Amino acid sequence: MMYTFPNKLRNLAITFMVIGMLGLVYGFISAPNNIEEAKKMAGTHGEGHDGEVYETLEMNHDKKTVHVDENQEISQSIESEHNSSHDEHLFHQLTNKPWAALYVAAFFFFMISLGTLAFYAIQRAAQAGWSPVLYRVMEGITGYLLPGGIIVIVILALSGMHYNHLFIWMDPEVVAHDELIAGKIGYLNTPFFLIRAIIFLFGWVTYRYFSRKFSLAQDHSDNISNHKKNFRISAGFLVFFIYTESIMSWDWIMSIDPHWFSTLFGWYVLASMLVSGVTMIALITIYLKSKGYLEFVNDSHIHDLGKFMFGFSVFWTYLWFSQFMLIWFSNIPEEVTYFITRIEDYNLPFFGMLILNFLFPLLILMNSDFKRNNYFIVMAGIIIIIGHYIDVFNMIMPSAVGDKWFIGIPEIGGFLFFLGLFIFIVFRELTKVPLLAKGDPFIGESERFHY
Amino acid sequence: MASNQVVVHALYDDDDVLLSAVKEIRSAKYNIEEVYTPFPVHGLDKALGLEETRLAIMAFIYGCIGITVATVMMNYIMIEDWPQDIGGKPSFSYLENMPAFVPIMFELTVFFAAHLMVITFYLRSKLWPFKKAENPNPLTTDDKFLVEIKVEDNEKELKALLKKSGAIDVSIIENPE
């Protein structure tokens, strides 16, 4: 049975996109255009700071002689220089805000698609018997890979053209005064950065294109040569993926904080990616089933997806904790600042996401019967999706906007815009071919699959 | 124990045949006493209509006990009895030092859940070291499956049914140990 994109859902997706676009536009319009505006927006904070400095200067002035006065002039000029660099920093943070809101959401939905692609490749390479009934759903989600990836790369390119200040190492002014970044310039430079991004996306999309092609060809084939080809390219893709995914996470996320690095960051992002991807597969499968499609998907398939949601959530927590605990314990200044800003300025999202991404999935999905119940899977799934959006938020925002974060109109707008786009593209992809990969050699096993 | 108990032992050599035979026997309203298998047969518990195990609930409770023991123990050792400066952050509060204790809390959760679960399983199955094996036929430790059914003057029909269901051998045992 072919799936038709219901008008109601299409309208919902378009509404999300329009509302989201308005939110983003509002964010860009309300961002300050110059330093003066930024100072005004920050309001009382800047004034209080100036006042304090002024008072201490006055006190000095009263007590000291002419000789000291000279010194004081110098210190005053240093103070004002400090203030102006502070203001410039504030200005950058506030102009970054809508960009960061856009980037977090764009990356998050792209990441869901990429995680699904990796999960799909694992099923192919492992020649899994349980999952072929879900292949078309997975292929639908990975349909978002190309448009989503292009949007992310366009945002990165705009950063490279200095439309925003997300990646401070792209600013030659900053690099000139920063020995650490200057030492990394051979790797962290805009042209090479963009070339890498394009190579990665090209590799992933190429695999997706051929895998989809072989998967569709297998439906109308009397031998399993397409299946075998798919197996081979999937195994090759996984090797390519694990390297490029790691480098991608350093480039696109970790380099926002160019002084800080973590050796397991690639794994950490991968875990987030996989759990969001599997959750999205489960949510879309349950949605389609509730509309009367995917009649060949039974409780056991949902149960298995639930197990993966549970397992990857715990895996994510393990990596999050491995990263956090070592840095927290050793307390090395250049490392621990990463977590100090998050604990001090981002306390609620930072610890809140542990409840959303660990405690809820752990307690809800632990029971075997709950994993066979669509209601619990959907509830846990929505919490996981929100939790991992906040995870990406925590990875990007602290270095981009500092303590000026807020989940307000631009952030929600960005999320809604990309949610709408994601729904629109994924469900349109689902309408293109029958929802059952009927030619797959394991399809019989998958349809009979029971636990 | 009844003085003159008669049971029938049906041997099978395939787990799929066993599963369908068990379903057949149960639908013919015979009471299966016990099934002996060399390995856990997937779906056999459901086919036999056994009650679902409550071991999982016990595992959760044991895990909760484990994490509690770890918390109380580490709090006593590291915070109360001999306050320690952990990671150069002398806060002397369990909550603020918790990241350092998470591995221990995790390990003891697993330790308690796993060991107590095994002990519970032994107790519930009445197993202990050096216990004499209960399985009536040593073949069930190799590659055969044995179904034990009590006989109540229906020997003939039962034997026929078992033969039909794919048993490779059906024998009547009087006064089994």
Side-chain angles (χ1 to χ4, degrees), chain A residues 129-130 262 298-300 303-304 306-307 310-311 313-340 342-344 347 350-351 353-355 357-359 361-373 445 448-451, chain B residues 15-16 19-20 22-23 40-48 50-68 70-71 74 78-79 84-110 112-114 117:
Chain A
W130 70 278
S262 158
N298 61 39
D299 282 355
S300 295
H303 188 158
D304 266 25
K307 283 186 228 169
F310 177 82
S313 286
V314 174
F315 179 58
W316 174 88
T317 314
Y318 167 68
L319 292 172
W320 176 85
F321 186 71
S322 302
Q323 184 171 281
F324 174 75
M325 202 261 264
L326 292 185
I327 292 175
W328 170 86
F329 201 106
S330 59
N331 217 9
I332 300 169
E334 60 261 38
E335 283 185 353
V336 83
T337 46
Y338 184 83
F339 285 115
I340 286 176
R342 278 157 182 79
I343 290 172
E344 284 180 354
N347 203 287
F350 187 65
F351 290 112
M353 85 173 169
L354 283 183
I355 295 172
N357 290 347
F358 174 60
L359 221 53
L362 180 83
L363 295 178
I364 296 174
L365 295 177
M366 189 175 330
N367 189 315
S368 172
D369 294 334
F370 286 8
K371 288 195 278 277
R372 304 178 81 80
N373 184 324
E445 180 179 342
R448 285 191 302 275
F449 177 67
H450 75 95
Y451 156 72
Chain B
D15 48 343
D16 283 333
L19 259 182
S20 60
V22 164
K23 282 173 197 159
V41 175
H42 192 72
L44 186 59
D45 51 342
K46 276 186 189 142
L48 280 169
L50 296 181
E51 230 182 282
E52 209 159 287
T53 174
R54 288 169 297 170
L55 205 56
I57 299 163
M58 290 317 291
F60 184 77
I61 294 170
Y62 293 150
C64 291
I65 295 172
I67 202 168
T68 311
T71 309
M74 295 318 290
M78 303 292 276
I79 307 290
Q84 300 262 343
D85 173 3
I86 292 158
K89 294 176 275 288
S91 60
F92 308 114
S93 126
Y94 189 82
L95 197 64
E96 280 177 39
N97 285 318
M98 203 191 67
F101 303 136
V102 164
I104 297 150
M105 287 155 78
F106 169 76
E107 293 295 345
L108 281 189
T109 308
V110 175
F112 270 66
M117 212 155 66

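Proteins come first, then strands; the chains are lettered A, B, ... in the order of their sequence lines, and each starts at number 1. Please read all numbers here as calculations on a predicted model, not as lab measurements.
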What residues form a side chain to side chain contact (heavy atoms under 4.5 Å, CB included) with B:V102, not counting sequence neighbours?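 B:V102 satisfies side chain to side chain contact (heavy atoms under 4.5 Å, CB included) with A:F321, B:M98 once adjacent residues are dropped.
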
Results of side chain to side chain contact (heavy atoms under 4.5 Å, CB included) for B:A47 - residues two or more places apart only: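 Here the qualifying residues are B:L19, B:V22, B:K23.
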
Let me see the donor-acceptor pairs closer than 3.5 Å between chain B and chain A, or none if nothing turns up.
{"from": "B:K89", "atom 1": "NZ", "to": "A:W328", "atom 2": "O", "distance (Å)": "2.5"}

Quick check: are there more than 12 heavy atoms from other residues, nucleotides or ligands sitting under 6.0 Å from CG of B:L50?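 Yes, CG of B:L50 has more than 12 neighbouring heavy atoms, counting only those of other groups under 6.0 Å.
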
Enclosure of B:F60 CZ (heavy-atom neighbours >12, cutoff 6.0 Å):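 Check fails, neighbour count at 12 or below.
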
Quick one: pull up CD1 in B:I79 and OG1 in B:T71 and give me the separation to the nearest 0.5 Å.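 Going from the CD1 atom of B:I79 to the OG1 atom of B:T71 covers 11.5 Å.
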
Could you check if a side-chain atom of A:F351 sits within less than 4.5 angstrom of a side-chain atom of A:I343, using non-hydrogen atoms only?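 When only atoms from C-beta onward are counted, A:I343 and A:F351 do touch, with a gap below 4.5 Å.
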
Top contributor to chain A interface from B:G87, B:P99, B:G43 [non-hydrogen pairs under 4.5 Å]: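 Between B:G87, B:P99, B:G43, the count favours B:P99.
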
Heavy-atom proximity to chain A below 4.5 Å, by part of B:F106: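 Neither part.
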
Measure distances from B:A56 to the heavy atoms of chain A and classify the residue's part below 4.5 Å as side chain, backbone, both or neither.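 Contact with chain A involves no heavy atom of B:A56 at all.
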
I'd like to check the ring-ring contact (aromatic ring centres under 6.0 Å, His included) partners of B:F112; sequence neighbours left out, ordered by chain and number.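 Scan of B:F112 (ring-ring contact (aromatic ring centres under 6.0 Å, His included), adjacent residues dropped) gives none.
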
